[in-house]
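Counting from 1, the numbers follow the sequence of the chain as shown. First listed ligand is number 1; within each ligand, the first listed atom is number 1.
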Amino acid sequence: MLTVSHLTKTYPNGKRGLIDVGFSIAPGSVTAIIGPSGAGKTTLLRSLNRLLTPETGEIQLGDQEMRQLPPRALRLVRRQIGMIFQDYNLIEPLSALENVLHGCLGRKSLAAGMLGLYTKEEKSRR
Ligand SMILES: Nc1ncnc2c1ncn2[C@@H]1O[C@H](COP(=O)(O)OP(=O)(O)O)[C@@H](O)[C@H]1O
Ligand SMILES: [Mg+2]
């Protein structure tokens, strides 16, 4: 279960990205967040995996409170969160498969990651 409550983010220039946002999402369900440009969709998604830190509110994912996690625990939780950025951030010289496999980098050793050594299991996973 993902439970978000009272999330507020104000950018340094005073723009308000989120004002007291709250909702719950049940495991296994599919949820779409829709709204006009500037509504705060990107700010919300970036807050969920703590790419940015809201100044107030709680983000409870299972038994973890995302805003309280120390760096190591945060890395472990982030491994379970897939995020595709609006501008894709694809690496053009690499194949589509290699771009997808880079999602596994958080689980691999530095050397295997740098050399692009992926296991058969990683390559065949859907
Ligand atoms: N880096 C930023 N600096 C200042 N204001 C920002 C920044 N990113 C977003 N905003 C502002 O926060 C609000 C929400 O933006 P955003 O989350 O990008 O909305 P959406 O993804 O729904 O288009 C908007 O008013 C936007 O101008
Ligand atoms: Mg956006």
**Message:** To the nearest 0.5 Å, what is the distance between CD1 on Ile25 and OG1 on Thr31?
**Reply:** 4.0 Å
**Prompt:** Which value, rounded to the nearest 0.5 Å, describes the distance between Gln68 atom CD and Arg50 atom CZ?
**Reply:** 8.5 Å
**Prompt:** Does the shortest distance from the Mg ion (ligand 2) to an N/O/S atom of Thr42 fall below 2.8 Å?
**Reply:** yes
**Approximate separation, where rounding is to 0.5 Å, of Met66 CE and Glu58 CD** = 13.5 Å
**Nearest-option assignment for atom 22 (O) of ligand 1, heavy atoms, candidates Arg46, Lys41, Lys15** = Lys41
**Prompt:** What residue and atom, counting heavy atoms only, is the protein's closest point to atom 12 (O) of ligand 1, and at what distance?
**Reply:** Tyr11 CE1, 3.4 Å
**Fill in**
ligand 1 atoms nearer than 4.0 angstrom to some heavy atom of Asn13 are 4 (C), 5 (N)
**Request:** Report the nearest protein non-hydrogen atom to atom 19 (O) of ligand 1: residue, atom name, distance rounded to 0.1 Å.
**Result:** Gly40 N, 3.1 Å
**Asked** Hey, is Thr43 touching ligand 1 through its side chain, its backbone, both or neither, going by heavy atoms under 4.0 Å?
**Response** both
**Complete:** Short version for Pro12: what comes under 4.0 Å of ligand 1, heavy atoms counted, is neither
**Request:** Among all protein heavy atoms, pick the one closest to atom 18 (O) of ligand 1 and tell me residue, atom and distance.
**Result:** Thr42 CB, 3.8 Å
**Request:** Go through ligand 1 atom by atom and flag the ones less than 4.0 Å from a non-hydrogen atom of Pro36.
**Result:** 22 (O)
**Fill in**
Correct closest heavy-atom pair for Lys9 and Thr53 would be NZ-O, 3.6 Å
**Item:** Which atom of Ile91 lies closest to which atom of His102, heavy atoms considered
**Value:** CD1-CD2, 3.8 Å
**Request:** Of all the heavy-atom pairs spanning Gly57 and Arg67, show the shortest one and how long it is.
**Result:** O-NH1, 2.7 Å
**Item:** Considering all heavy atoms, the nearest Leu7-Leu18 contact
**Value:** O-CB, 3.7 Å
**Message:** For atom 13 (C) of ligand 1, what's the nearest protein heavy-atom neighbour? Residue, atom name and distance, please.
**Reply:** Gly38 O, 3.6 Å
